[in-house]
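When reading the values below, keep in mind they use all heavy atoms of this one structure, side chains included, and skip hydrogens, waters and symmetry mates. Everything quoted here is computed from the prediction, not taken from an experiment. All residue numbers refer to positions in the sequence shown, counting from 1.
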Amino acid sequence: MSANDAEKAEIEGLFLLDENHAAVEKLKEFGIEPDEGTLILKRDIYSNGKSVCRINSQLVTLSVLREIGTKLVDIHGQHEPRN
């Protein structure tokens, strides 16, 4: 089976947060508590286009996962200035 024939892709990220991190406040808005400062974001994407998102094993919508993700990662394009 090649990678193109896979039924599912799994993407997972582990983040260590201090209690003052900007993502902690946003997590609390959604009723999610970091587990001793540890945050695990996971998304399973199936070949039929559907996906399942989790934060610390708790099911969340894709929009919640994205909103939390924007507090954790800052992505810049190759030619974008960095502040």
Side-chain angles (χ1 to χ4, degrees):
M1 175 186 287
S2 72
N4 293 337
D5 297 331
E7 292 186 25
K8 173 173 87 167
E10 295 180 9
I11 302 98
E12 189 170 37
L14 171 66
F15 300 88
L16 302 175
L17 307 176
D18 64 38
E19 59 191 37
N20 299 322
H21 194 281
V24 173
E25 185 69 32
K26 190 55 76 175
L27 287 165
K28 289 180 181 180
E29 288 179 26
F30 294 114
I32 302 168
E33 290 287 331
D35 185 17
E36 296 181 14
T38 301
L39 185 65
I40 300 172
L41 276 61
K42 183 176 181 183
R43 183 174 179 197
D44 296 334
I45 304 171
Y46 295 90
S47 60
N48 64 4
K50 297 189 183 229
S51 68
V52 175
C53 303
R54 291 182 175 85
I55 297 177
N56 284 358
S57 300
Q58 182 176 330
L59 286 172
V60 296
T61 64
L62 179 56
S63 62
V64 169
L65 187 74
R66 284 183 176 154
E67 193 164 343
I68 298 299
T70 61
K71 300 293 184 191
L72 299 168
V73 180
D74 190 16
I75 299 174
H76 294 273
Q78 181 177 357
H79 300 290
E80 290 181 39
R82 295 182 189 188
N83 296 331

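Screening residues 51-69 for salt bridge (charged side-chain N to carboxylate O under 4.0 Å, His left out) gives K26-E67, D44-R54 as the qualifying pairs, with residues at least two apart or on separate chains.
For E29, the CD atom counts as densely surrounded, since its 6.0 Å shell holds more than 12 non-hydrogen atoms of other residues, nucleotides or ligands.
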Side chains of residues 15-24: which donor-acceptor partners sit under 3.5 Å, not counting sequence neighbours?
residue, atom, partner, partner atom, Å
D18, OD1, N20, N, 2.9
D18, OD1, H21, N, 3.0
H21, ND1, A23, N, 2.9

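Closest approach of Q58 and G31 over heavy atoms only: OE1-O, 4.1 Å. For N48 against K50, the heavy-atom pair with the smallest separation is OD1-N, 3.0 Å. Residue A6 comes nearest to S47 through the heavy atom pair O-CB, 3.8 Å, listed as atom of the first residue, atom of the second, then distance.
Here the CD1 atom belonging to I55 is positioned 8.5 Å from the OG1 atom belonging to T61, to the nearest 0.5 angstrom. In this structure, the separation between CG on N56 and CD1 on I32 is 7.5 Å, given to the nearest 0.5 Å. Atoms CG and CD, from L41 and E12 in turn, are 9.0 Å apart once rounded to the nearest 0.5 Å.
Exactly one of T70, L65, L72 qualifies for a side-chain contact (heavy atoms from CB on, under 4.5 Å) with I68. That residue is L72.
Alongside Y46, the hydrophobic cluster contains V52, L59 (criterion: ILVMFWY side chains under 4.5 Å).
Residues V73 and L62 fall within the same hydrophobic cluster, defined by Ile, Leu, Val, Met, Phe, Trp and Tyr side chains chained together at heavy-atom separations under 4.5 Å.
Side-chain contact between K71 and L27 is absent, with no heavy-atom pair separated by less than 4.5 Å.
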